[in-house]
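Data block below; observations after.
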Amino acid sequence: ITYTTDDGARLGNEGTLTINFNNIDVLNPESVSHTRNNTDEIDLDIAVSENDLCASCANLRIATAPSHGTATPADSDGDGINDSFNYTVADGAHAPRLVTFTYTTDDATAPAMVTLNFAVTYDSLENDGHSGNPILVLRTGTDAVSRQFDVLANDECGVNNCAGLALVGSETGVALNSAGDGFVYSVADGDSHNGGILNFDYTTDDTASGGEATVYYKVRAPDVLTADTGTITRVGTGAASTTVNVIANDTCPDACPVSGIRVVDEPAVGTLTESNGTFTFAFAAGDPVVSTVTFTYISDAALDPATVTITATTSDTDTLTADTGSLNRPGGNRAVSTTINVISNDRCTGGCT
């Protein structure tokens with residue numbers, strides 16, 4: 001573009017404006033829905049360039065691969081230019097309900113995301129618990145008890161959302177819940193029920209080939225958790241830790257579990273970690289000085305929590321720890337030196353000085 005002004009024209013002066021156009025591709029998000037017969041093979045052609053503003057869309061390629069399955073560039077119209085993606089999942093392989101991947105081109109301003117939404121035709125039902133680790137129904141003596149089984153939580157429901165959930169046969173004390181999306185086990189006060197590991201089967205209207213799943217459960221007395229104590233000694237406001245095995249004094253119908261243990265009320269100061277029935281309590285450096293620390297815990301096999309009380313004592317005596325160092329001295333009598341920070345590993349009231 002050339003331009004001038006009134007005075008410039010009289011003098012014959014002109015200016016030139018040059019505009020350079022950069023070829024860019026503007027890629028837009030794409031969403032695809034697909035219904036899969038549970039674990040059947042998926043083979044989808046996804047046309048992406050129809051939704052993009054392309055200068056050339058050259059070198060169409062994956063930017064971020066899908067978490068499940070495989071997406072590869074494809075030439076849908078046979079003109080030698082990739083303009084789509086072929087997405088595949090092998091027969092029998094798992095694919096979640098939502099899969100995403102991103103793609104780009106040589107001249108793209110930013111990658112675009114492809115969102116794949118999958119539904120399955122049939123309901124795929126999974127067992128709950130198993131014979132070696134049944135779901136616990138905790139009952140004290142012959143007290144009334146009611147226990148919900150959320151059986152659909154680990155099932156994959158098809159397009160009809162696990163409609164027609166029902167028992168296969170019958171099981172004493174077990175019935176469909178009022179919402180129709182699970183089962184409830186209930187026994188009245190004073191009624192008896194067989195012990196041991198029990199089970200019932202259930203199904204839905206849309207299971208493939210009449211599929212069923214089994215719920216394994218066991219009715220038993222709850223674990224009785226007993227209060228625990230511990231001690232901890234720290235220097236001033238320094239760091240310190242102690243451990244308490246909380247299940248050692250508990251009373252359990254079966255072996256006391258070392259999993260499913262959790263804190264109900266956290267301590268007011270310090271931190272807690274748990275592993276296999278043992279809690280580690282720790283003061284961090286600078287935590288306030290307290291005389292006792294308490295917290296409560298419970299397990300999946302107990303109805304009532306127990307309290308742990310840790311008695312904390314504070315020492316005003318500095319605790320010094322042995323130190324080591326090294327010194328390299330060449331042959332002869334050359335003078336050499338080294339430094340050792342001896343207080344870095346000591347515990348001192350008010351700081352080591």
Between Asn199 and Glu171, does the side-chain contact (heavy atoms from CB on, under 4.5 Å) criterion hold? Intermediate values first, please.
CA-CA 8 Å; Asn199 65 80; Glu171 172 70 8; over 6 Å; no
Measuring from atom [atom1] of [X] to atom [atom2] of [Y], what distance do you get when rounded to the nearest 0.5 angstrom?
| X | Y | atom1 | atom2 | result |
| --- | --- | --- | --- | --- |
| Thr271 | Glu266 | OG1 | CD | 9.5 Å |
| Tyr297 | Ser299 | OH | OG | 7.5 Å |
| Asp128 | Asp150 | CG | CG | 8.0 Å |
| Cys162 | Leu152 | SG | CG | 5.0 Å |
| Arg220 | Leu136 | CZ | CG | 5.0 Å |
| Ile197 | Ile135 | CD1 | CD1 | 12.0 Å |

Is it true that [X] and [Y] fall in one hydrophobic cluster, defined by side-chain heavy atoms closer than 4.5 Å?
| X | Y | result |
| --- | --- | --- |
| Leu176 | Val137 | yes |
| Leu167 | Val184 | no |
| Val308 | Val258 | yes |
| Ile46 | Ile62 | yes |
| Ile261 | Val264 | yes |

Please step through side-chain contact (heavy atoms from CB on, under 4.5 Å) for the pair Tyr202 and Val174, ending with a clear verdict.
CA-CA 11 Å; Tyr202 70 95; Val174 177; over 6 Å; no
Ring centroid separation for Phe279 and Phe295, is it under 6.0 angstrom?
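For Phe279 and Phe295, the ring centres are under 6.0 Å apart.
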Ring center gap for Phe183 and Phe200 short of 6.0 angstrom
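When the ring centroids of Phe183 and Phe200 are compared, they turn out to be within the sub-6.0 Å range.
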Grab the two heavy atoms, one from [X] and one from [Y], that are nearest each other, plus how far apart they are.
| X | Y | result |
| --- | --- | --- |
| Ala63 | Thr104 | CB-CG2, 4.2 Å |
| Ala221 | Pro253 | O-CG, 3.2 Å |
| Asn177 | Gln148 | ND2-OE1, 3.6 Å |
| Phe283 | Gly238 | CB-O, 4.2 Å |
| Ala47 | Ser84 | CA-CB, 3.8 Å |
| Pro134 | Lys218 | CG-CB, 3.9 Å |

Is there a donor-acceptor pair under 3.5 Å between the side chain of [X] and the backbone N or O of [Y]?
| X | Y | answer |
| --- | --- | --- |
| Asp223 | Ala302 | no |
| Thr88 | Asp43 | no |
| Asp123 | Asp205 | no |
| Asp206 | Tyr122 | no |
| Asp52 | Cys54 | no |
| Asp304 | Val224 | no |
| Asp25 | Cys57 | yes |
| Asp155 | Cys157 | no |

Student check: side-chain heavy atoms of [X] and [Y] closer than 4.5 Å:
| X | Y | answer |
| --- | --- | --- |
| Thr338 | Ser326 | no |
| Pro288 | Val269 | yes |
| Val219 | Tyr185 | yes |
| Leu225 | Pro305 | no |
| Val99 | Tyr87 | yes |

Applying side-chain hydrogen bond (donor to acceptor under 3.5 Å, both in side chains), run through Thr233 and Thr313 and close with a yes or a no.
CA-CA 5 Å; Thr233 301; Thr313 57; 3.0 Å; yes
Scan the side chains in residues 107-121 for donor-acceptor partners under 3.5 Å anywhere in the protein, sequence neighbours excluded, and list what turns up.
unit_1, atom_1, unit_2, atom_2, d
Asp107, OD2, Ser56, OG, 3.3
Asn117, ND2, Ser31, OG, 3.4
Thr121, OG1, Asn37, OD1, 2.6

Going by distance alone, is a donor N or O of one side chain under 3.5 Å from an acceptor N or O of the other, for [X] and [Y]?
| X | Y | result |
| --- | --- | --- |
| Asn59 | Thr105 | no |
| Thr309 | Thr294 | no |
| Asp45 | Asn86 | yes |
| Thr102 | Thr64 | yes |
| Tyr103 | Asn82 | no |

Worked check of side-chain contact (heavy atoms from CB on, under 4.5 Å) between Leu272 and Val263
CA-CA 9 Å; Leu272 274 179; Val263 175; 3.9 Å; yes
Flag the pair Arg97 and Glu156 as a salt bridge only when some basic side-chain nitrogen lies within less than 4.0 angstrom of an acidic carboxylate oxygen.
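Answer for the salt bridge query: yes.
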If the threshold is 4.0 Å, N to carboxylate O, is there a salt bridge linking Asp287 and Arg234?
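Answer for the salt bridge query: no.
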Please assess Leu60 against Val48 for the test side-chain contact (heavy atoms from CB on, under 4.5 Å), listing each intermediate value before the final yes or no.
CA-CA 10 Å; Leu60 182 73; Val48 292; 4.2 Å; yes
Check the angle between the aromatic planes of Phe101 and Phe85 and answer parallel, tilted or perpendicular using the 30° and 60° thresholds.
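Perpendicular: the ring planes of Phe101 and Phe85 meet at over 60°.
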Determine, stepwise, if the pair Asn51 / Asn28 fulfils side-chain hydrogen bond (donor to acceptor under 3.5 Å, both in side chains).
CA-CA 6 Å; Asn51 194 36; Asn28 293 303; 4.6 Å; no
